[in-house]
Protein chains: 2
Amino acid sequence: MTEATRRERLRAETEREIRQAARALLVERGRDAVTLRAIARELGITAPALYRYYDSHDALLRQLCDDICADMATELYDALAEDTSGQVGCQVRAVCRRFRRWALAHPQEFALVFASPRDPLGADQFGSVFLQLAGRLIASNLVAKHADDEVPEVLHEDLVRFQQVLIDAVSVHGVTVEDDVLNLGKIYHVVQSWVRLYGHVALEVFGRFPFAVSNPEPMFDSMLDQMLTDIGFQEDDVS
Amino acid sequence: MTEATRRERLRAETEREIRQAARALLVERGRDAVTLRAIARELGITAPALYRYYDSHDALLRQLCDDICADMATELYDALAEDTSGQVGCQVRAVCRRFRRWALAHPQEFALVFASPRDPLGADQFGSVFLQLAGRLIASNLVAKHADDEVPEVLHEDLVRFQQVLIDAVSVHGVTVEDDVLNLGKIYHVVQSWVRLYGHVALEVFGRFPFAVSNPEPMFDSMLDQMLTDIGFQEDDVS
DNA sequence: GGTTTTTGGTGAACGGTGTTTACAAGAGTT
DNA sequence: AACTCTTGTAAACACCGTTCACCAAAAACC
């Protein structure tokens with residue numbers, strides 16, 4: 001059945017156990033507790049054995065980041081799939097809410113992936129979810145409310161590049177969009193939405209609001225409403 | 001001249017050296033390099049000696065956070081003082097720009113203070129700057145463009161509390177504001193501005209924009225314009 | 001089937017870490 | 001001078017990442 005040899009299966013198995021142990025340590029006792037010796041202890045082996053699977057502690061941590069991104073991506077896709085309204089506005093809302101819920105439920109993972117001054121996030125990991133969803137919502141929002149001249153000219157170059165990235169992202173999934181639908185004004189608003197979404201979630205996870213918010217959820221929903229209005233659809237959108 | 005005894009002066013001196021060494025290590029080699037032994041090495045003493053000054057490594061790190069906040073606060077106040085326009089819109093812009101510049105110039109410090117899943121920030125540190133400035137801009141923006149009923153009712157309770165915090169913050173500095181000037185609509189917009197400011201800066205510092213932005217400054221300025229417009233003054237404000 | 005190679009593990013070791021403990025030397029006080 | 005308080009030390013403990021020599025078993029080969 002399985003194409004792999006016995007050795008390959010065993011290797012894949014312990015590799016999975018390593019990731020699992022690392023993840024558990026991160027969740028339960030924080031980033032600094034993800035130590036080679038602790039992981040090895042969990043598997044009943046010794047620390048040097050882990051070097052047969054990862055070049056260094058840092059490499060293992062990077063792998064951990066990838067795993068986290070992948071898990072989060074499937075959760076966001078789940079949220080997308082669970083929405084049966086067919087309205088893109090509802091889909092965006094569902095995904096954003098799920099992103100917030102995921103971040104609050106996984107603060108250590110969120111901090112590791114989204115708030116470490118390390119190399120930029122791999123575009124193939126978290127990026128794909130974001131790009132996929134962003135491209136989809138832009139493409140389906142046929143009413144072009146934002147003109148290109150709304151955005152400063154200095155930003156055009158960057159936004160055009162992002163425009164191409166978005167077009168590529170959705171075209172991989174078989175969807176083609178016309179240039180006039182995916183205009184710079186909309187792209188700019190998408191970026192601004194990411195700023196607000198990330199800002200709110202990170203502030204909430206890290207407890208950095210300027211005052212104690214007893215129930216941040218309505219505030220988040222309110223921001224989401226404003227975001228969707230700004231981006232161009234609210235109440236009046238069709239799939 | 002100095003009221004302190006000789007011993008107290010010496011103690012204060014080495015304490016300052018400890019903080020300074022810790023700060024240098026953080027800046028030059030990252031959070032994980034801020035180690036008791038490294039600090040001690042820098043001062044020419046041994047690690048256990050540091051326990052005469054701090055209860056633990058964690059306590060020292062907390063002190064470091066406070067120092068960073070204090071330094072950032074003076075920088076932001078500098079930016080405020082350097083603005084001679086007398087227009088609050090310009091002041092807000094100056095402070096926000098300085099905040100971004102500071103964060104980009106001090107990524108490790110920013111990450112430690114603003115993106116660690118630890119206890120909420122001490123309100124007396126960074127909070128005072130924010131509250132002071134926010135209160136000031138709200139109080140001076142006499143045109144009440146935002147009505148209370150713009151904000152969802154669920155948020156009223158929290159916003160009223162924040163309103164009181166703001167009033168207290170500015171009243172400490174001798175300024176008194178009337179309730180109708182500092183209405184909930186404005187307060188809500190202040191919080192939203194903080195979300196966007198923090199979001200953009202953190203994304204830039206951590207390199208988490210969904211695409212490579214070649215020159216993020218115009219994008220920041222553009223967001224700042226939008227923020228100031230949303231909050232109620234732009235071009236047409238008087239001190 | 002016997003031999004060889006590859007793989008995945010061990011244990012010891014090196015230098016690093018936070019932290020505790022016992023102890024010493026100097027400063028300040030009486 | 002005697003005493004106390006302060007601030008340092010050295011040694012030790014348990015932990016960390018990493019390297020190295022070694023080893024047994026599985027796989028591959030002749």
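Each chain gets a letter, A, B and so on, in the order the sequences are listed, and its residues count up from 1.
- Using a 30° and 60° split on the angle between ring planes, B:W194 and B:F99 fall in the tilted class, from 30° to 60°.
- Side-chain contact between B:I187 and A:F211 is absent, with no heavy atoms from C-beta onward closer than 4.5 Å.
- The residue from B:R23, B:R31, B:M72 that alone fulfils the side chain to side chain contact (heavy atoms under 4.5 Å, CB included) condition with B:E109 is B:R23.
- A straight line from CD1 of A:I39 to C1' of C:dG9 spans 17 Å, rounded to a whole angstrom.
- Seen from the ring of A:Y53, A:R11 counts as a face-on cation partner, given the 6.0 Å and 45° thresholds.
- Under 3.5 Å, the side chains of A:S56 and A:Y51 contain no donor-acceptor pair of N or O atoms.
- Summarising the geometry, the separation between CG on A:D55 and C1' on C:dG8 is reported as 15 Å, rounded to the nearest angstrom.
- For A:T46 and C:dG11, the shortest distance from a side-chain N or O to OP1 or OP2 is not below 4.0 Å.
- Of all nucleotides in DNA chain D, those with any atom nearer than 4.0 Å to a heavy atom of chain B start and finish, going 5' to 3', at D:dC5 to D:dA12.
- Nucleotide C:dG18 holds its P atom 12 Å from the CG atom of B:D58, rounded to whole Å.
- Residue A:G44 is the one, among A:G44 and A:R37, whose nearest nucleotide of DNA chain C lies closer to the 5' end (criterion: closest heavy atom).
- C:dG18 atom C1' lies 14 Å from atom CG of B:D32, rounded to whole Å.
- Two residues, A:R52 and A:L36, neighbour DNA chain D, and the one matched to the more 5' nucleotide by heavy-atom proximity is A:L36.
- Here C:dA27 presents its P atom at 10 Å from CG of B:L10, a figure rounded to the nearest Å.
- Summarising the geometry, the separation between NE2 on B:H57 and P on C:dT19 is reported as 7 Å, rounded to the nearest angstrom.
- A:Y53 comes within 4.0 angstrom of sugar-phosphate atoms only, judged by non-hydrogen atoms across all strands, and of no base.
- One finds the OG atom of B:S193 at 10.5 Å from the CD atom of B:Q226 (value rounded to the nearest 0.5 Å).
- For the pair B:R41 CZ and C:dG15 P, the computed distance is 13 Å after rounding to whole Å.
- Proximity of A:R11 to the phosphate of C:dT7: no side-chain N or O atom is located under 4.0 Å from OP1 or OP2.
- Summarising the geometry, the separation between OH on B:Y54 and P on C:dG18 is reported as 15 Å, rounded to the nearest angstrom.
- Ring planes of A:F206 and A:F110: tilted class, angle from 30 to 60°.
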